[in-house]
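Take a look at the structure below.
Each chain gets a letter, A, B and so on, in the order the sequences are listed, and its residues count up from 1. Heavy-atom basis, side chains included; hydrogens, waters and symmetry copies ignored.
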Amino acid sequence: MSNWVEVGTVEEIPKLGSRVLQTPDGDVAIFRTADDAIFALRDKCPHKDGPLSQGIVHGHNVTCPLHNWKISLESGEAQGPDEGCTGSYAVKVNDGRIQVELKSQS
Amino acid sequence: MKEKLVLVGNGMAGVRTLEELLKIAPDKYEITVFGAEPYGNYNRILLSPVLAGEKSIDDIMLNTIEWYEEHNITLHSGKKVVNVDRRQRKVIADDGSEEPYDRLLLATGSNPFIIPVPGHDKEGVIGFRDIHDVDTMLDCARRFKHAVVIGGGLLGLEAANGLMLQGMNVTVVHLMETLMERQMDPVSGEMLKQELETKGLNFLMNTQTEAILGDERVSGVRFSDGSEIAADLVVMAAGIRPNIELAKRIGLHAERGIVVNDTMQTFDPKIYSVGECVQHRGETYGLVAPLFEQAKVCANHLAEHGIGFYEGSVTSTKLKVTGVDLFSAGDFIGDETTEEIVMKDAANGIYKKLVLKDNKIHGAVLYGDTVDGAWYFQLLRDQTDVSDFRESLMFGQAHLGDSGHGGENAAAAMSDDMEICGCNGVTKGCVVKAITNEGLFTLDEVRAHTKASASCGSCTGLVEQVLASTVGDYSASTKATPMCKCTDHCHDTVRAAIRDHHLTSIQAVRDHLEWREPDGCASCRPALNFYVLAAWPAEAVDDPQSRFINERVHANIQKDGSYSVVPRMWGGLTTPNELRAIADVADKFEVPMVKVTGGQRIDLFGIKKEDLPAVWSDLNDAGMVSGHAYGKTLRTVKTCVGSEWCRFGTQDSTGLGVQLEKFTWGSNMPHKFKIAVSGCPRNCAEATIKDFGVVCVDSGYELHVAGNGGIKVRATDLLCKVASEAEVKEYCGAFIQLYREEAHYLDRTAPWIERVGLSYVKEKVVEDAASRKALNERFIESQKRSQNDPWAERVSGKVAADEFTPLKVIS
Ligand code: SRM
Ligand SMILES: Cc1cc2nc3c(=O)[nH]c(=O)nc-3n(C[C@H](O)[C@H](O)[C@H](O)COP(=O)(O)OP(=O)(O)OC[C@H]3O[C@@H](n4cnc5c(N)ncnc54)[C@H](O)[C@@H]3O)c2cc1C
Ligand code: SF4
Ligand code: FES
């Protein structure tokens with residue numbers, strides 16, 4: 001069953017930044033890139049659970065604040081030789097309002 | 001339709017060019033490769049360990065047949081190209097097959113030079129170049145006894161060592177007095193010879209070969225003095241010649257090698273060439289590091305990105321004979337214009353010689369202890385002026401007191417299970433395995449794959465040694481290291497562009513210098529943010545998204561995602577009131593741990609991000625501000641008791657410390673900065689391992705700079721002595737400003753001063769009063785904008801309000 005939740009507006013997230021959506025199943029990091037694309041990932045790095053929402057966003061990637069793994073915002077996959085993946089969530093943006101589909105937690 | 005690219009020569013340089021090309025323009029060409037050898041691409045360098053029985057052929061494959069398939073590259077292995085029709089643009093192979101091209105890349109490598117003495121074409125006379133040669137040697141070693149290696153250079157000695165380990169009785173014949181005379185001076189050459197003799201090799205020095213004896217197969221060798229020795233196998237290792245056979249046949253301009261320009265283009269604009277077959281600005285190369293640089297430039301031009309020029313390389317070498325440690329670089333023989341520093345400890349088998357010219361390293365030979373090879377090589381390439389540390393140069397960069405790698409400084413002596421990287425728990429075996437399995441060649445690649453030396457970096461020298469002994473010499477030899485993967489410019493160029501072109505934002509820098517990634521990466525963004533702020537304090541606007549999380553939220557992130565909070569305690573002083581406020585905060589927010597730091601203040605651990613503003617608000621109310629324990633800025637000013645109480649105190653060290661802290665806090669810097677003030681030479685505040693240290697004496701104040709107590713302990717250099725507190729402050733401000741204006745981002749003062757030299761800093765800060773005053777003025781000016789407590793700003797709710805609240809909470 002799909003469970004689309006409205007979480008806020010694009011304007012509420014800084015460009016090249018992230019805000020956190022707290023859910024009963026754990027935090028979800030919502031990212032906004034330079035081209036205003038919005039992505040949602042589980043807020044836990046595949047390496048040692050670092051909070052990805054606190055990282056530096058560049059291109060469609062975020063660099064984890066704890067040990068610098070680079071994670072793709074599109075897939076949640078670690079880039080380069082590092083291996084691992086964090087769950088990602090489908091996102092829709094209408095009129096600047098962001099919706100996240102919460103069931104697909106992986 | 002895609003353009004067609006044909007590569008002739010399936011070797012290290014050619015395939016590296018394809019790899020570089022696939023990285024930047026994966027879909028530009030339909031690629032076809034011709035290789036005379038019947039394999040994928042392998043690491044030729046590692047033929048020596050294969051011969052020595054330390055590795056197998058499978059271990060040294062770089063690109064397997066599957067790799068070519070995966071990348072849609074058509075590989076014709078075992079086919080030699082015999083002609084090229086340059087008019088119709090097609091290549092013709094020895095089996096008659098043809099392949100059209102739009103661009104042609106020649107990477108035909110080189111051939112061993114077979115000395116044309118009578119009998120050189122007999123069976124059992126070979127070179128040492130490819131898998132076939134190694135197979136022949138291994139086969140001979142099983143069937144015969146006597147081997148003669150002609151040539152006592154790198155290749156010859158590696159061949160001789162391998163054959164000996166395979167059980168043969170080996171004699172090395174060398175024309176010269178000194179082994180490896182291109183890499184060694186007579187003393188170290190002799191030490192090497194003795195060591196190899198102990199291992200069981202025989203040498204005939206100053207000996208010229210006259211003829212190879214035997215019927216069909218070789219049976220012996222005769223020398224010019226008439227003597228003869230028995231031989232079942234003769235390996236000619238007397239040098240290599242660029243393979244320009246094909247180029248000549250097709251009328252392409254070639255001298256010693258195929259002549260190319262700085263973009264690796266030959267005289268035919270459709271044809272490029274890289275590798276040992278190439279002659280660039282009159283030089284040919286026989287080591288992979290320069291070839292890989294050529295590959296990168298060539299790929300760039302094939303991709304029509306049109307940036308990057310090859311400007312030649314300086315190379316260094318290492319001998320790959322297990323157990324023998326040898327390094328050499330540059331001109332290590334010297335002449336009447338050079339000077340030498342020599343260290344010889346024959347009993348320990350150690351010899352080091354540095355050749356200096358105008359106080360710059362001109363060449364180096366290290367034997368027995370090569371741990372500092374990479375450092376000397378760096379100094380050589382950068383042409384660093386070494387006069388300020390000349391007397392300690394010979395003792396190397398590694399010091400007693402370096403932390404994190406168990407005091408080891410010779411990787412060769414370490415066993416596979418010993419830990420190299422203490423931060424990430426990486427063993428030597430792990431590094432070796434990654435290098436061989438993944439086909440790694442550079443320090444960056446090893447860091448990416450294993451994390452060894454990727455954190456604090458103290459084991460970098462060891463990792464470089466393992467790399468060198470595993471893949472041979474690979475040392476990248478570009479002069480200036482680019483800031484990061486987004487650009488080819490180095491820190492200094494970027495800083496100069498920001499100043500000279502009045503670039504006041506990160507975006508302006510990236511546009512002006514044509515950054516490859518539109519928003520840069522996590523490594524260049526914080527650096528650029530600092531550079532524009534430092535250069536244009538009145539105009540540049542801080543970009544919080546380009547700051548590391550700690551600086552963005554003004555607290556240190558912990559492994560569980562919580563934060564720690566350290567309020568400032570000026571000069572290490574506190575009051576009952578402050579302590580009470582800290583205790584109250586600890587109670588109110590149920591702080592899990594309270595700790596006294598190594599910097600004379602108190603740290604509250606495990607604060608939730610949402611609670612930060614409330615914690616700060618309470619601390620602000622008691623008069624405390626941020627201690628910047630998270631920042632690239634002034635951290636602590638440590639003080640001792642001083643003249644007010646201490647029976648030995650000569651000056652008011654505590655009071656001066658507080659003044660210095662009030663003066664310097666809040667400033668943006670390339671890295672963190674620590675100050676200390678001790679009241680007498682007993683130095684209880686450890687001022688001589690700080691970035692700026694003051695040691696009070698009866699007659700005034702000694703100013704010490706560029707100390708470091710961290711990963712690599714470095715005691716300070718004495719800057720000068722002054723008489724008054726006002727002067728201490730002026731010199732301090734000037735020193736900090738020079739560091740802010742000129743150091744690379746993430747340089748502490750210690751590595752910075754080692755690069756620019758103490759003399760330079762003295763010139764700007766001590767000798768030239770006008771320069772000192774101007775620097776200090778600029779520091780004071782920039783401080784006017786820096787000294788706002790970031791905590792209070794956030795408590796007010798006017799700054800970064802969104803940072804500390806979730807976007808939404810779903811229950
Ligand atoms: C809290 C403290 C340890 C303690 O409990 O005593 C500490 C904690 C950290 N130090 Fe330190 N250092 C602390 C005093 C020191 C000292 C001692 C001193 O300042 O007298 C040193 C050696 C002196 C020096 O810097 O020259 C020190 C050398 C380092 C280094 C190595 C720096 C170097 O250039 O070699 C790092 C790594 C870095 O900065 O890249 C580091 C990095 C860190 C970090 C920031 C690691 C990180 O990036 O997360 C630690 C943060 C822990 C945290 O979550 O709060 N810390 N650190 C000390 C804080 C002092 C303060 O009041 O601000
Ligand atoms: C035993 C040994 C140890 C070495 N140790 C080191 C070391 O420690 N450090 C270091 O930096 N370097 C070392 N080198 C040198 C290094 O291997 C070479 O510099 C490097 O391999 C040269 O690369 P290349 O692509 O120019 O030539 P190669 O790797 O030789 O590739 C050229 C390829 O082209 C093929 N070819 C030639 N003509 C044709 C044709 N007409 N048609 C089709 N194919 C053709 C050849 O068969 C060959 O496979 C060593 C070399 C050897 C042999
Ligand atoms: S506080 Fe310093 S020494 Fe201790 S673990 Fe952290 S970085 Fe390492
Ligand atoms: S937890 Fe993200 S890199 Fe280690």
Could you look at [X] and say if it's the side chain, the backbone, both or neither that has a heavy atom under 4.5 Å from chain B?
X	value
A:L16	both
A:I98	neither
A:V28	neither
A:P51	side chain
A:L21	both

| query | Which residues pass the ring-ring contact (aromatic ring centres under 6.0 Å, His included) test with B:W791, sequence neighbours left out? | reply | B:W616
| request: Quick one: which of B:G520, B:G561, B:P806 has the most heavy-atom pairs under 4.5 Å with chain A, could you say? | output: B:P806
| said: Would you say that more than 12 heavy atoms from the other residues, nucleotides or ligands in this model lie under 6.0 Å from the CD of B:E70, or not? | reply: yes
| note | Closest non-hydrogen atoms of B:I549 and A:P65, given as atom of the first, atom of the second and distance, are CG2-CB, 3.6 Å
| Residue pair A:V7 / B:L807: nearest heavy atoms and the distance that separates them | O-CG, 3.6 Å
| Region of B:P544 in contact with chain A, defined by heavy-atom distances below 4.5 Å | neither
Distance-only check: which donor-acceptor pairs of chain B and chain A lie under 3.5 Å?
unit_1	atom_1	unit_2	atom_2	d
B:K451	NZ	A:D82	OD1	2.8
B:K451	NZ	A:D82	OD2	3.2
B:D519	OD2	A:G59	N	2.4
B:R525	NH1	A:V57	O	2.8
B:R525	NH2	A:V57	O	3.0
B:Y563	OH	A:Q54	OE1	2.9
B:K609	NZ	A:Q54	OE1	2.7
B:D802	O	A:R19	NE	3.2
B:T805	O	A:R19	NE	3.4
B:T805	O	A:R19	NH2	3.1
B:T805	OG1	A:R19	NH2	3.4
B:P806	O	A:R19	NH2	3.3
B:L807	N	A:V20	O	2.7
B:K808	O	A:Q22	N	2.9
B:K808	NZ	A:E6	O	2.7
B:I810	N	A:Q22	O	2.7

